[in-house]
Amino acid sequence: MSDLETYRAKAAAWLESMAPTYGRAARKGLSEAEDLALGRRYQKAKFDAGYAGINWPTEYGGQGLTHLEKVTFDAEEMKHGFPNFYFGISLGMPVPVLMQFGSDKEFVKERVLKALQGEEIWCQLFSEPSGGSDLAGLRTRAEPDGNGWKINGQKVWTSWAHYSDYGVIVVRTDPTVPKHKGLTYFWVDMKAPGVTVRPIKLAGGDSHVNEVFFDDVKISDDHRMSPVGGGFAVAITTLMIERYVATDSAGFGPHLDLFVDLAKETSLGGKPAIEDGRIRQQIARNYAMRSGLDSINVRARLMMQAGMIPGAEGSLNKLVAVRSRQKLSELAIDLQGTGGFAFDEHASQKEDWASSWINAPTGRIAGGSDETLLNTIAEKVLGLPQDHRPDKGVPFNQIPA
């Protein structure tokens, strides 16, 4: 048995031991506040057992292992339905960026340790109402204010902002230069005066995303994590990290085995649906597609093991996986006939077809819309020329609103 398989077996055994206390069954019937409290306890248990910050530096409380151990643990953890998604954004992007670009090392270490133990949560304040998928088109501004800065503007679709203690934010500090050049990257205290968080209720019933308003929010210059005007490069680093947060060929929807079970249990034309050639074709197509996406993920792991950085082909996983999840969920609902209309807003989208289907559009927007991913694949994977950009080289304040 290889070292990685030994690690996987040990992690799987620990996760099995945690499932009765923190897993799917233990969470049933809990309110969101109770579920979050359980999640914090689970995150602390992970930290104590050496499974938090697996690939982070030991100086910050991590385990100093590789990306391979990280994705191996994530794959096993995903099976049990633990309440870990509250910390997914926090530990997936803002905190790693803080470790890389934070200037006060003692402050950074304190924040990292608290985040790893589930005591503090961070959010990522990027998207804006008028920006769409164009991050560089943001309009939230930061102006010099004494020895610091004053922030005004609005962010939207910010996951878990209502539970967050801190956030990383990209703002415009110079509107007189081209849009990519006038941005600066900061961290901000989400409890500071002038910060207002308003949850947005999604079609699926939950409210984990928010709009966030900044009204004369004052921060000192030690909150700055990039050179003035150099924030876009740090933002891209954040988004590159996002590409390699654990992926799932099921698009974070139900496993294909659940569809096979459904096809065996339901009838189509007086026979079990599993005997229908069209249904079997969809099962085969989904199996082939998910196997292909898993191969891309395995290739990325091997590249990381060799000390290489995987390329933009990671965009294929999210684009194809969530699209196919939506189509398969729709087919599953159709197979159930009128029974498919039943909807439970508390049901897991990894186990319930209706919940999976209604939440899929959110998944197709979060972390990069289909259109953004298609552009990335076209330019970075296929080598096609970039679309014409009429705003290229134009000062931001001269671009028509």
Side-chain angles (χ1 to χ4, degrees), residues 86 89-90 92-94 97-98 121-145 148-203 206-221 223-226 228-232 234-236 238-239 242 361-369 371-372 391 394-401:
Y86 300 105
I89 299 292
S90 179
M93 288 160 278
V97 169
L98 180 72
I121 297 175
W122 286 65
C123 62
Q124 177 180 301
L125 299 146
F126 279 20
S127 298
E128 296 192 4
S130 62
S133 295
D134 181 14
L135 175 60
L138 62 85
R139 296 180 178 276
T140 297
R141 64 192 185 278
E143 301 166 327
D145 182 64
W149 302 83
K150 182 171 62 178
I151 301 176
N152 283 280
Q154 180 187 357
K155 298 290 182 175
V156 74
W157 306 121
T158 307
S159 297
W160 307 117
H162 53 311
Y163 292 135
S164 292
D165 302 280
Y166 300 95
V168 292
I169 185 170
V170 189
V171 294
R172 189 164 301 281
T173 49
D174 188 352
T176 67
V177 297
K179 63 182 184 180
H180 292 82
K181 307 256 181 216
L183 306 177
T184 305
Y185 199 109
F186 297 90
W187 65 265
V188 61
D189 184 345
M190 293 297 290
K191 311 299 183 187
V195 178
T196 303
V197 179
R198 295 179 184 168
I200 300 170
K201 188 165 186 176
L202 298 174
D206 67 7
S207 302
H208 74 274
V209 297
N210 305 266
E211 51 184 352
V212 184
F213 298 87
F214 296 87
D215 297 295
D216 290 336
V217 177
K218 295 184 178 182
I219 59 174
S220 59
D221 194 56
H223 287 47
R224 182 163 52 83
M225 296 168 64
S226 75
V228 176
F232 191 74
V234 181
I236 290 300
T238 310
L239 295 174
E242 184 176 32
T362 302
R364 292 178 64 172
I365 297 172
S369 65
E371 292 75 15
T372 300
D391 61 0
V394 178
F396 183 76
N397 58 4
Q398 295 180 25
I399 300 173

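Along the sequence shown, residues are numbered consecutively beginning with 1.
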For [X] versus [Y], what's the shortest heavy-atom pair and its separation?
X    : Y    : value
V170 : L138 : O-CD2, 3.6 Å
P94  : C123 : CG-O, 3.6 Å
V212 : A161 : CG2-CB, 3.9 Å
A142 : I151 : CB-CG1, 4.1 Å
V156 : E128 : CG1-C, 3.7 Å
W122 : S164 : C-OG, 3.6 Å

- Have a look at F214 and tell me which of I219, T196, I169 forms a side chain to side chain contact (heavy atoms under 4.5 Å, CB included) with it.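 One option only clears the test, and that one is I169.
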
Can you tell me how far [atom2] of [Y] sits from [atom1] of [X], rounded to the nearest 0.5 angstrom?
X    : Y    : atom1 : atom2 : value
N397 : T176 : CG    : OG1   : 6.5 Å
W160 : H208 : CH2   : NE2   : 6.0 Å
M225 : F186 : CE    : CZ    : 11.0 Å
S207 : I200 : OG    : CD1   : 9.0 Å
S220 : D145 : OG    : CG    : 11.0 Å

- Task: Taking atom NZ of K191 as the centre, report whether more than 12 heavy atoms of other residues, nucleotides or ligands fall under 6.0 Å from it.
- Result: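 More than 12 heavy atoms, drawn from other residues, nucleotides or ligands, come within 6.0 Å of this atom.
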
- Is the CH2 atom of W157 crowded by more than 12 outside heavy atoms at less than 6.0 Å?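 12 or below, so no.
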
Is a side-chain N or O of [X] found less than 3.5 angstrom from the main chain of [Y], in a donor-acceptor match?
X    : Y    : value
R172 : K179 : yes
D221 : G148 : no
T173 : V228 : no
T140 : Q154 : yes
T158 : E211 : no
R141 : G153 : no
K155 : F126 : yes

Would you say the side chain of [Y] lies within less than 4.5 Å of the side chain of [X], judging by non-hydrogen atoms?
X    : Y    : result
I121 : M190 : no
V168 : M93  : no
N210 : P199 : yes
P144 : W149 : yes
Y166 : L98  : no

- Query: Looking at residues at least two apart in the chain, or sitting in another chain, which of them share a side-chain contact (heavy atoms from CB on, under 4.5 Å) with R364?
  - Reply: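 For R364, the residues satisfying side-chain contact (heavy atoms from CB on, under 4.5 Å) (neighbours in sequence not counted) are V322, R323, Q326, D370.
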
- May I ask you to decide if the ring planes of F232 and H180 are parallel, tilted or perpendicular, using 30° and 60° as cut-offs?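 Aromatic pair F232/H180 classed perpendicular.
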
